[in-house]
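As structure tokens, the structure follows; a few thoughts come after it.
Only a predicted model underlies this, so the values are computations on that prediction, with no experimental measurement involved. Order of the sequence lines fixes the chain letters, A, B, ..., with proteins taken first and strands second; residue numbering starts at 1 for each chain.
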Amino acid sequence: MPAITLPDGSVRSFDATVTGTTVAASIGPGLARAALAMKVDGRLVDLSTEIAADAAVVFVTRRDEIALEMIRHDCAHVLAEAVQELFPGTQVTIGPSIENGFYYDFARNEPFTTEDFPAIEAKMREIVARNAPFVRSVIDRDEGIAYFTAKGEKYKAELIRDLPDAETITLYSQGDWIDLCRGPHMRGTGDVGTAFKLMKVAGAYWRGDHRNAMLSRIYGTAWRDQKELDAHLHMLAEAEKRDHRRIGKEMGLFHLQEEATGSVFWHPKGWKLYRRAEDYMRRRLDLSGYQEVKTPQLIDRALWEASGHWEKFREHMFVAKVEDEDKTLALKPMNCPGHVQIFKQGLRSYRELPLRMAEFGACHRYEPSGALHGIMRVRSFVQDDAHIFCTEARIADETVRFVALLSSIYADFGFPEFRVKFSTRPDLRAGTDEVWDHAEGALAEACATAGVDYTINPGEGAFYGPKLEFVLRDAIGRDWQCGTLQVDLVLPERLDAEYVAEDGSRKRPVMLHRAILGSFERFLGIMIEQYAGRFPVWLAPVQVVVATIVSDADEYAGEVAAALRAAGLTVTLDTTNQKINAKIREHSVQHVPVIAVVGRKEAEERKVALRRLGGEAQTVLGLDEAVGLLRAEASPPDLARA
RNA sequence: GCCGACAUAGCUCAGCGGUAGAGCAACUGAUUCGUAAUCAGUAGGUCCACGGUUCAAAUCCGUGUGUCGGCACCA
């Protein structure tokens, strides 16, 4: 006699066990048509699930956010059926919904190519049109293994074998096609709709482990309706236009070439951008109690052995040898051992702590070829690196200070929002569990004090300590770690750093490894995408173009440019014999934030007409006034606040 | 590193066995013009590299390098 409580508080009683389908139908034909699944006491289940006891039921319709996930998951099943119909002998593995879509991993000797897509999509539409109901059934573990083994689906059999003992093993059929799946699903394949599109193929390791077989993955996107799909595809096309590799080329910021794989050639305009960021960072660090240092590029392997990096990262280090000396040097992949060497010069007192040592250190890492990506993941990069030597008691304070500094800097660079991940101890690590308990505890405590919301990233910490990762997202939706704060109780021990405590005893300092931008290359790459190349005046490589209308104004335009340069602005003078329309277009395409137009009239009145990028209005100002205004606008935010 | 795709003029791309093409940019000339492309002309290529197949290769095959999309990695 289940009594069903609905979201509006009303209660409906039934004489016997009922399915969601029946309940929905009892409420009305509209809901009967719209209900795709339901939540019973908060748990998402198939609409066909039988409800035996009193329960609160919420029906899921296409409008609900969760429906989108179900459409994508079901679409993955439709994809799998289509692939097996078209390519017999292909084994299915897993196919979850993901952000914006879904994927399915297949085991097949010959990987799929995008040329297979039209046929697969056509078959998928056919399966959707069949509208076969999704039917759930429960199977015994051994039967399940036998069933899939007999079908030649060894991956599915392996999945069942590895499910926890208590887990109910369920199959879902759609017509003749059957898949191992936890569910839930919508009513039938027809509910998937037709607003889907296969996007790309890729290799992916079985269970994400590179020691396992390489599977063939097909990615797709799926939406409620065509309009949503079109909007998504349009968004992707727009995002492509913001790609830093494209903008870097168009604006002439940098280039990469084969002879220096993974290293950036910064062009004058790109380097201007870089330096504006670096100058800003240097000011911020100076004011925040950091001392800047510079440590060697090449350091003997002995130091890397002592630090533990040689053992763990040797194959990712660039190694140098000289003929006459029997020495092996490594290009530094990081700055920390160097900073410890500076710390160790002379006797340190507790009075010097916390000691914050910063370096814009150029590091080299032999990154796997497949990891390289534009200027975001390179083999040669510069970090805004610093190490804070302090007592354990000070970890929380320093973390709070760091988060405040980072937030302020990110906001200045146009990132008011960012996400934080807390990475805990990895399987392979240095240091005792006790030390790790300490480090993780201190960091968690500090986050609580600083009011930092984070998600846990289990097992992803550095080998010497837990870390916070500050994550920004690029134009294409990929997440990149930029800032980081890592607690290290291991390296000071390994490299024997110590200080004299208040009581005269020798103690180990704690090291906090921290970076705000992370690598300049990566951060600038993301910033280019964030602004789509349309930088605020303080960052723009070229801040003002002075463009003439007639050659009679050339001389005065030269004066204008000189006055702006004297005020510290980066200015280009355009006296070419082109129409003003063409000049405006050319510099707009180059994303110059301000164009100062000078014609005969301005020359006579000693004025300039300022035009903003993307705007149509122009402001005509006296020369002095214009210079003052632009000087203020070009002032970096930290100086503007001062 | 692994799977797949791609590599043609400075840029974006077409050509896919029979003497290498377009638009934009560049250069030259004319035009002095008021806020997102003035007109005309000229020049520009070991078709990524190295092998192979063929009477003939940018085009087909192999190897390498790089790039792109994922996976794995990321001190």
Mind checking if [X] touches a base, just sugar-phosphate, or nothing, with heavy atoms under 4.0 Å?
X	answer
A:R377	base
A:I584	base
A:G308	nothing
A:A547	nothing
A:E602	base
A:A204	sugar-phosphate
A:R217	sugar-phosphate
A:G374	sugar-phosphate
A:Q486	sugar-phosphate
A:A371	base
A:P111	sugar-phosphate
A:Y103	nothing

Could you work out the separation of [N] and [M] based on their [atom1] atoms and round it to a whole Å?
N	M	atom1	value
B:G66	B:A22	C1'	27 Å
B:A56	B:A14	P	29 Å
B:G34	B:A43	P	34 Å
B:C71	B:A26	C1'	43 Å
B:A25	B:A58	P	31 Å
B:U19	B:G23	C1'	24 Å
B:G10	B:G64	C1'	27 Å
B:C2	B:C73	P	16 Å

Integer-rounded Å distance: [N] [atom2] and [X] [atom1]:
X	N	atom1	atom2	result
A:E259	B:U65	CD	P	14 Å
A:R246	B:C11	CZ	P	14 Å
A:F106	B:C3	CZ	C1'	15 Å
A:D243	B:C11	CG	C1'	16 Å
A:M214	B:A72	CE	P	9 Å
A:F318	B:A75	CZ	P	17 Å
A:R522	B:A75	CZ	P	10 Å
A:N212	B:G1	CG	C1'	15 Å

Ignoring backbone atoms, establish whether [X] has a side-chain N or O less than 4.0 Å from OP1 or OP2 of [N].
X	N	value
A:K579	B:U38	no
A:K249	B:U12	yes
A:T261	B:G66	yes
A:R600	B:C33	yes
A:S369	B:G1	yes
A:R478	B:G69	yes
A:R245	B:G69	yes
A:H373	B:G69	yes
A:K467	B:A75	yes
A:Y205	B:C73	no
A:R365	B:A75	no

So, [X] and [Y], do they make that salt bridge, N to O below 4.0 Å?
X	Y	value
A:D209	A:R207	no
A:E586	A:K583	no
A:D385	A:R514	no
A:E99	A:R473	yes
A:R425	A:D437	yes
A:E529	A:R478	no

Looking at the side chain of [X], which of [options] is the nearest nucleotide?
X	options	value
A:I580	B:G34, B:A75, B:A72	B:G34
A:S551	B:A37, B:U32, B:A75	B:U32
A:P368	B:A75, B:A5, B:C73	B:C73
A:R611	B:A75, B:G69, B:A36	B:A36

- Query: Toward the 5' end of RNA chain B, which comes first, A:L610 or A:S216, by nearest nucleotide?
  - Reply: A:S216

- Query: Toward the 5' end of RNA chain B, which comes first, A:R585 or A:D552, by nearest nucleotide?
  - Reply: A:D552

- For RNA chain B, what dot-bracket results from Watson-Crick or G-U pairs at under 3.5 Å, with [ ] for crossers and | for inter-strand partners? (((((((..((((....[..)))).(((((.......))))).....(((((..]....))))))))))))....

- Query: Between A:Y366 and A:F313, does the ring centre distance come in under 6.0 Å?
  - Reply: no

- Hey, do the aromatic rings of A:F106 and A:F87 have their centres closer than 6.0 Å? no

- Query: Do you know the tightest heavy-atom contact between A:Q590 and A:K269?
  - Reply: OE1-NZ, 2.8 Å

- Message: So does A:M334 get a backbone contact from the side chain of A:Q383, meaning a donor-acceptor N/O pair under 3.5 Å?
- Response: no

- Check step by step if salt bridge (Lys or Arg N to Asp or Glu O under 4.0 Å) holds for A:K601 and A:E605. CA-CA 6 Å; A:K601 203 164 70 183; A:E605 298 171 7; over 6 Å; no

- Query: Can you tell me if A:E359 and A:T295 form a side-chain donor-acceptor pair at under 3.5 Å?
  - Reply: yes

